[in-house]
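Quick one: the structure is below, questions incoming.
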4 protein chains.
Amino acid sequence: MGRKPDALRERLRQERRREILAAAGRIFAQKGFEKATTREIAALAGIAEGTIYNYFQGKRDLLISLLGSLVTESLQEALTAELFNLDEQSFLANLIGRRLESITSNADMLLVLFQQIMVDDELRRSYFTRVFLPVTTQLEAYFQARMDKGIYRQTNARMVARATVGAFVMNFVVPTILGERAMPGPERKRLAGELVDFLIGGLAPRPAPTGGTALGLREGSKP
Amino acid sequence: MGRKPDALRERLRQERRREILAAAGRIFAQKGFEKATTREIAALAGIAEGTIYNYFQGKRDLLISLLGSLVTESLQEALTAELFNLDEQSFLANLIGRRLESITSNADMLLVLFQQIMVDDELRRSYFTRVFLPVTTQLEAYFQARMDKGIYRQTNARMVARATVGAFVMNFVVPTILGERAMPGPERKRLAGELVDFLIGGLAPRPAPTGGTALGLREGSKP
Amino acid sequence: MGRKPDALRERLRQERRREILAAAGRIFAQKGFEKATTREIAALAGIAEGTIYNYFQGKRDLLISLLGSLVTESLQEALTAELFNLDEQSFLANLIGRRLESITSNADMLLVLFQQIMVDDELRRSYFTRVFLPVTTQLEAYFQARMDKGIYRQTNARMVARATVGAFVMNFVVPTILGERAMPGPERKRLAGELVDFLIGGLAPRPAPTGGTALGLREGSKP
Amino acid sequence: MGRKPDALRERLRQERRREILAAAGRIFAQKGFEKATTREIAALAGIAEGTIYNYFQGKRDLLISLLGSLVTESLQEALTAELFNLDEQSFLANLIGRRLESITSNADMLLVLFQQIMVDDELRRSYFTRVFLPVTTQLEAYFQARMDKGIYRQTNARMVARATVGAFVMNFVVPTILGERAMPGPERKRLAGELVDFLIGGLAPRPAPTGGTALGLREGSKP
DNA sequence: TATGAATGAGCATTCATTCAT
DNA sequence: TATGAATGAATGCTCATTCAT
């Protein structure tokens with residue numbers, strides 16, 4: 001019966017799947033969902049057009065699967081355990097400066113997603129529950145915990161979480177998308193610091209009598 | 001044979017243009033740019049398909065012209081003179097609570113814009129220079145002025161401006177788009193207040209007991 | 001407004017519709033429904049492919065409309081008033097030899113119809129109610145009337161009507177379709193006569209004592 | 001290494017062939033030839049798609065082979081020796097009521113055949129020589145023999161044979177196909193009787209009072 | 001022989017745009 | 001200017017068939 005062992009077969013299948021998805025991601029990001037053609041995707045993946053349909057239901061399924069990839073690959077790891085052990089600034093700095101940076105690399109893909117989210121109700125629901133809510137909810141939980149410990153003053157944690165993400169996106173992602181010339185690393189770092197400063201400054205329950213620029217918030221999180 | 005005076009003729013022409021543009025806006029927002037058809041737009045505008053081409057170069061031109069409308073209609077008035085005479089909280093509260101609220105009504109359209117911005121370089125440049133930069137620059141100027149006066153502590157005003165917009169968008173616009181159920185007016189108002197508080201809290205040069213500018217939010221997160 | 005008068009416009013439209021339908025009929029008959037391509041139909045009609053869709057909903061709609069044409073063009077006239085005034089043999093001879101002969105010319109088209117009738121429930125229902133039932137019912141009514149008058153002996157008129165059609169089809173239509181070489185006119189005529197003889201022979205209430213070959217059925221339809 | 005004896009091997013091969021053919025028949029009848037997919041056929045047969053091609057040349061070959069099956073399985077036995085020993089009515093009644101009834105069960109398949117017969121010349125020739133001619137010829141021979149013996153009056157035996165088949169098909173097969181609700185057994189039987197009566201009535205050489213062969217249907221259509 | 005992944009030609013349909021009236 | 005019929009390029013998807021294992 002000349003069969004490949006099932007394990008190998010499955011591995012190859014997954015590999016192929018990933019290749020197609022990668023190609024689709026590239027083309028989608030480049031042309032937008034509607035303008036992208038399955039022809040092009042197949043060409044980039046180095047396969048025949050029909051082969052796509054052995055792995056995916058159709059063009060739209062490619063986008064949905066891509067959404068799944070984004071979820072598992074980059075966003076879910078946004079708040080790992082280690083992060084929670086850092087002090088406040090470091091946490092946010094890391095979150096913004098390192099973790100969420102992964103968003104930047106997927107920025108065009110994310111935008112493509114937003115394209116379709118406007119139009120496709122199911123996709124919208126899916127994105128909302130699988131990406132937006134989890135991420136903001138985790139961040140919200142983080143802020144809430146800090147507030148409860150008195151490290152931050154009590155306010156609407158969800159609002160803070162969303163504002164944080166928005167502030168980040170508008171400073172780092174949007175300008176890139178809109179074509180502002182790329183920021184050099186150091187400036188990028190400085191900007192991240194300033195943003196953290198700005199955000200934390202507003203959270204400090206009691207600005208230290210003589211703090212530096214912004215935040216003397218570490219002393220006395222509990223009297 | 002009873003020619004209309006040029007002035008009237010021109011007025012009618014402008015009127016027709018606006019009607020078509022309005023129809024296009026509705027359809028674009030509803031279906032997305034690619035899915036929208038000129039047939040539908042013409043139908044909604046109550047004209048024949050071909051007539052569109054007497055007023056616009058083509059479908060893409062409709063979108064570009066729509067961008068122009070957005071600029072003049074809603075965004076440029078974001079920072080009017082009167083606003084500058086309000087005190088700090090009121091200013092931001094107004095900005096967020098009233099002015100930028102107009103964004104919400106155009107949210108669909110703006111998203112459609114973003115769709116195409118990803119794909120269309122000219123549109124992107126146009127949007128960047130005509131909308132994004134003006135708005136953030138104005139806001140930046142406002143913050144800079146306040147900083148120079150010592151009302152806010154000195155920091156990166158541009159960053160603050162963008163963060164402010166981002167925080168707003170992520171709290172008010174995105175959830176709406178993603179389909180979170182609509183917020184009732186009072187809650188909406190409260191959220192806006194909390195957001196302003198959060199933003200200003202971080203801007204106050206020295207949130208000492210002597211509440212200078214704005215917010216009495218610093219006293220006692222824990223008694 | 002440079003309009004063609006509505007009447008002319010409508011006439012042209014109908015004309016074009018007919019042309020497309022004729023082309024579709026030819027191609028369908030030649031290749032079968034599934035194998036026929038809109039490209040070919042458009043080419044034969046001398047129009048662009050897209051134009052078809054200005055007149056019809058799609059390929060299937062072409063077939064359905066064709067069914068409508070068949071109904072109005074050939075089958076409804078199968079039993080006209082004049083026919084009813086002929087004597088019995090003449091009636092059947094005419095019916096078979098002249099009227100139903102039109103079926104032959106549409107034979108391939110009818111077969112295409114049967115193709116799809118197997119597969120398309122709506123088409124089947126449509127054909128059943130719009131073609132099969134009317135034709136057989138009319139014929140049945142004819143036979144019933146003759147039976148009631150005593151011209152034919154009393155039996156199941158519907159069965160007789162259907163048997164008549166079947167006998168005709170199997171002798172004239174099917175052999176043609178299956179590729180038996182075409183019958184010369186005279187032979188055709190003779191066969192029709194024999195068939196009528198055969199059919200009527202079975203209907204005669206009282207076979208004349210000394211009839212010729214087959215039918216002495218005219219004398220004494222009423223004592 | 002344990003080769004199967006050729007005989008067994010061959011038997012298994014034939015078995016497999018039959019399974020595939022049966023599956024193809026089911027699917028063809030259900031969906032029509034063009035709409036049927038090899039994937040479905042393979043699935044129903046419980047084999048892989050590629051395996052079909054170890055037994056058949058391709059999809060079209062399935063149909064042609066199916067034609068062969070029909071010939072040998074059902075149609076050739078239409079006129080078996082035993083039948084010839086029955087009296088006239090019984091013969092026809094049997095032929096119609098029992099033998100040709102098998103057509104009904106294969107009606108779907110036969111229609112599918114007709115589909116392709118329109119389009120495929122080779123298939124048409126094959127069907128004509130292998131099915132249509134044999135059946136009608138046999139029947140024709142039967143009628144001719146009866147005519148020669150004086151049991152039926154002399155007329156065109158081929159025409160009678162075809163008319164008989166057509167009358168049967170139009171009364172029993174076509175209505176079923178077209179979706180008329182199924183006839184209950186008794187009614188079915190009665191209809192068959194009426195049809196035979198009708199057919200034989202026309203065949204009786206001299207329907208004199210002295211009912212020769214079969215049917216007492218000539219006496220008194222009106223008292 | 002059996003498998004099923006890969007293939008790629010082929011097709012119905014859509015839709016922005018043109019242009020004769 | 002307004003119209004809307006005509007256009008035809010472009011595209012997602014299907015499916016019979018091949019072939020390496």
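By convention in this document, chain letters (A, B, ...) are assigned in the order of the sequence lines, proteins followed by strands, and residues within each chain are numbered from 1.
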Checklist entry - Is there a donor and acceptor pair, one atom on the side chain of Glu49(A) and one on the base of dC13(F), closer than 3.5 Å? => result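 A donor-acceptor contact between them is present.
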Checklist entry - In whole angstrom, what separates Asn54(C)'s CG from dG4(F)'s P? => result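 These atoms are roughly 12 Å apart.
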Next on the checklist: Over all strands shown, is Phe56(D) touching base, sugar-phosphate only, or nothing at heavy-atom distances under 4.0 angstrom?
Outcome noted: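 Touches nothing.
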Checklist entry - Contact class for Ile47(D) vs. all strands (heavy atom < 4.0 Å): base, sugar-phosphate, or nothing? => result sugar-phosphate
Next on the checklist: Students often get this wrong, so: under 4.0 angstrom with heavy atoms, is Ala42(D) touching a base, only sugar-phosphate, or nothing?
Outcome noted: nothing
Checklist entry - Can you tell me how far P of dA2(E) sits from CZ of Arg9(D), to the nearest Å? => result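 Distance, rounded to whole Å: 9 Å.
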Next on the checklist: Distance check needed: dA16(E) P versus Asp61(B) CG, whole Å only.
Outcome noted: 14 Å
Checklist entry - Does a salt bridge link Arg13(A) with Glu10(A), judged by any charged N lying under 4.0 Å from a carboxylate O? => result no
Next on the checklist: Students often get this wrong, so: under 4.0 angstrom with heavy atoms, is Thr37(C) touching a base, only sugar-phosphate, or nothing?
Outcome noted: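 Sugar-phosphate contact only.
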Checklist outcome for this item: Glu34(A) CD to dT11(F) P, in whole Å, measures 12 Å
Item to check | Value in whole Å for how far the P atom of dT3(E) lies from CD1 of Ile20(D) | outcome: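 So the CD1-P distance, Ile20(D) to dT3(E), works out to 10 Å.
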Item to check | Base-pairing assignment for dA5(E) (Watson-Crick or G-U wobble, both under 3.5 Å) | outcome: dT18(F)
Item to check | Toward the 5' end of DNA chain F, by each residue's nearest nucleotide, Arg39(A) or Thr51(A) | outcome: Arg39(A)
Checklist entry - So which one's nearest nucleotide on DNA chain F is more toward 5', Ala48(B) or Gln57(A)? => result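 Its nucleotide being nearer the 5' end, the pick is Ala48(B).
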Next on the checklist: Test your reading of the model: is there a side-chain donor-acceptor pair from Lys59(B) to the backbone of Glu34(B), 3.5 Å cut-off?
Outcome noted: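 Yes, Lys59(B) side chain to Glu34(B) backbone: donor-acceptor pair under 3.5 Å.
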Next on the checklist: Using a heavy-atom cut-off of 4.0 Å across all strands, would you classify Gly58(B) as base, sugar-phosphate, or nothing?
Outcome noted: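 Sugar-phosphate, backbone atoms only, no base.
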Checklist entry - If you look at every strand shown and take non-hydrogen atoms under 4.0 Å, does Arg16(D) touch a base, only sugar-phosphate, or nothing? => result sugar-phosphate
Checklist entry - What are the two closest non-hydrogen atoms of Glu122(D) and Ile64(D), and how far apart are they? => result OE2-CD1, 4.2 Å
Checklist entry - Rounding to a whole Å, what distance do you find between Arg13(D):CZ and dT1(E):P? => result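 For the pair Arg13(D) CZ and dT1(E) P, the rounded distance is 5 Å.
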